[in-house]
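Report on the following structure.
Throughout, a chain's letter reflects where its sequence line sits, starting with A, and its residues are numbered from 1.
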Amino acid sequence: MPQDENKEGIGGMINPRRYGIERVAYLLMRLSGLGLLAYFIGHIYETSTILRGQVGWNEFLELTQTTEGHAILAIVIAMCVFHTVNGIRVMLGHGGVGVGKPARPDYPYDPASQNYRHKIGIYSAIVLAAVAMMYGLAVMFGE
Amino acid sequence: MTQASGIANEQTSTPLSSSKSITLRISRYNPEHDDSSKFMEFSVPYERWTTVLEAILEVKKHFDHSVAVRYSCRQATCGSCGMIINGKPRLACFTKISELNSNVVTVEPMNNFPIIRDLAVKFERLFDTHQKIKPYLIRDDTELTSDEKEFLQSPEEVEQYIQFANCIKCGLCNSACPTMATDSSFVGPQALAQAYRYVADSRDKGKDSRLKIIDDSHGIWRCHFAGSCSQVCPKGVDPAMGIQLLRGYLLGFRS
Ligand code: HEM
Ligand code: SF4
Ligand code: FES
């Protein structure tokens, strides 16, 4: 019988409450990545309606003209902006950029990699996503 | 008790004389005959300096000797006493009850480690992954035979890796890591940080062989730089920094 490894599981993985804004960014990055993937698949399906000619195309496009359609598009805008901005931060971090320099650690051992540069990156990604979403909402609903 | 002389004030008081107390909730579980874990609660007196480990030992001494806990040094050096304290992985001997700011202290075994009993967990996987990255200097000559007698390093060269050499193999980082939460094969932040510790050591010549070991589907690429490992490390190792610097070599940011 395989032993129970007492792994925290998906619930522990997605819990954003314990380890600061960095873990929130980790969760948002995953959710926005999956959300964009879902949108991308939907988008391919949507554009394929052109095969049914102009009528089919317009019929499907009407879905995006509803309130729900507008709300979904606004979320897609936010996911897109967050994923891109945070993605650039993560890629730089993965290359070792802005993660601090090794040094003799001193109590209370604040980790240099969890620094203000990366925190600013995360907060900027969130703020820019919110601004872009609000702009999108203003354009879509503000006829 | 009379307070006749000044010395009487200084007698070593047993913790039981304390006026403050907390409720200590200890997760109890024996995989051999329990279906699931359950909590047992104890009221434990404490002082400003009482550690969670001392509170657990107090329970063992006065209430229930069968509580299983692993410890040795009591001073954040041996890496034995890692556990989940009020929801986060911490060293029991390095966490004071007073710093938790709570009347209830809940202790559970670390996640992502198999439970032996109660608070004691198995470390086989951590030791295996640690060994896997070759945690020793790799080079052809040795200090024993070379005329130089020792491999000299400048203080600046020591600075490059000494932070990572602080690791006490407590496993807190592996318990906090979101990848470890679901991946049974991930090499983990502890071992990856140690891979960097040796790669960054100017005496070491094993960089290429270590990079090959961690360049694996369950190796360094499963790290998403969530940083939780660094936030719980009690020794300032900052595994997340080491891992990203290490990945810098593989991505071509560094050489
Ligand atoms: C400029 C645009 C983009 C950038 C800079 C970017 C960057 C990144 C980065 C760096 C990651 C890895 C994050 C990590 O290691 O935790 C990632 C993950 C991911 N991305 Fe993107 N991405 C972009 C566009 C997209 C698009 C258009 C899609 C969907 C079609 C997408 C879907 C995903 C998915 C599904 C993940 C995996 C999420 C995870 O496992 O955490 N990304 N992206
Ligand atoms: S890196 Fe820190 S948290 Fe991880 S095992 Fe070493 S000392 Fe413990
Ligand atoms: S008892 Fe040694 S680290 Fe806590």
Chain B contact via V97(A) - side chain, backbone, both or neither, heavy atoms under 4.5 Å:
side chain
Are any of the side-chain heavy atoms of Y161(B) and P102(A) separated by less than 4.5 Å?
no
Closest non-hydrogen atoms of G96(A) and L245(B), given as atom of the first, atom of the second and distance, are O-CD2, 4.0 Å
Looking at K96(B), I want to see if its NZ is surrounded by more than 12 non-hydrogen atoms of other residues, nucleotides or ligands under 6.0 Å.
no
Using a cut-off of under 4.5 Å for heavy-atom pairs, which of A240(B), A176(B), P239(B), P109(B) has the most such pairs with chain A?
A176(B)
One pair to check against side chain to side chain contact (heavy atoms under 4.5 Å, CB included): Q231(B) and E22(A). What are the steps and the verdict?
CA-CA 10 Å; Q231(B) 296 181 21; E22(A) 289 82 0; 3.2 Å; yes
OH/Y135(A): more than 12 non-hydrogen atoms of other groups inside 6.0 Å
no
Identify which part of S175(B) has an atom lying under 4.5 Å from any heavy atom of chain A, answering side chain, backbone, both or neither.
backbone
Heavy-atom count check: over 12 atoms from other residues, nucleotides or ligands less than 6.0 Å from Q65(A) CD?
yes
Top of G248(B), C177(B), A181(B) for chain A proximity - count of heavy-atom pairs under 4.5 angstrom
A181(B)
Let's test your reading of the structure: which of I243(B), V158(B), T182(B) forms the most heavy-atom pairs below 4.5 Å with chain A?
T182(B)
Which bit of P31(B) is near chain A, if near means a heavy-atom gap under 4.5 Å: side chain, backbone, both or neither?
neither
Less than 4.5 Å apart, side chain to side chain, heavy atoms only: is that true for P178(B) and R23(A)?
yes
Pick from S230(B), G87(B), C223(B), G252(B): which one has the most heavy-atom pairs with chain A under 4.5 Å?
S230(B)
Which heavy atom of K122(B) sits nearest to which heavy atom of Q3(A), and what is that distance?
NZ-OE1, 2.9 Å
Ring centres under 6.0 Å, that's the criterion: do F225(B) and H118(A) meet it?
yes
Looking only at K7(A), R18(A), H94(A), E8(A), most heavy-atom pairs under 4.5 Å shared with chain B are made by H94(A)
Side chain / backbone / both / neither for Y249(B) at chain A, heavy atoms under 4.5 Å:
neither
Toward chain B, the part of A112(A) with a non-hydrogen atom under 4.5 Å:
both
Heavy-atom count around I10(A) CD1 within 6.0 Å, excluding the residue itself: above 12?
no
Please test R104(A) against Q163(B) for side chain to side chain contact (heavy atoms under 4.5 Å, CB included), starting from the C-alpha separation and ending with a verdict.
CA-CA 5 Å; R104(A) 217 172 270 275; Q163(B) 155 180 354; over 6 Å; no
Test side chain to side chain contact (heavy atoms under 4.5 Å, CB included) on Q114(A) and M241(B) and set out the steps.
CA-CA 9 Å; Q114(A) 312 293 293; M241(B) 180 205 285; over 6 Å; no
Taking only Lys NZ, Arg NE, NH1 and NH2, and the carboxylate oxygens of Asp or Glu, determine whether R125(B) and E5(A) approach each other closer than 4.0 Å.
yes
If you count heavy-atom pairs under 4.5 Å between each of C233(B), A165(B), G236(B) and chain A, which one has the most?
G236(B)
I'd like to verify something: which residue of G9(A), G20(A), P108(A), G12(A) has the highest number of heavy-atom pairs under 4.5 Å with chain B?
G9(A)
Under 4.5 Å heavy-atom distance to chain B, tell me which part of R30(A) shows up: side chain, backbone, both or neither.
side chain
N6(A) side chain to I115(B) backbone, donor-acceptor under 3.5 Å:
no
Quick check: closest heavy atoms across S113(A) and D238(B), and the distance to 0.1 Å?
OG-OD1, 2.6 Å
Which residue out of S228(B), P234(B), G242(B) racks up the most heavy-atom pairs below 4.5 Å with chain A?
S228(B)
Trace of the side chain to side chain contact (heavy atoms under 4.5 Å, CB included) decision for Y19(A) with V232(B)
CA-CA 9 Å; Y19(A) 303 110; V232(B) 300; 3.5 Å; yes
For the residue pair Y107(A) and F94(B), categorise the inter-ring angle as parallel (less than 30°), tilted (30 to 60°) or perpendicular (more than 60°).
perpendicular
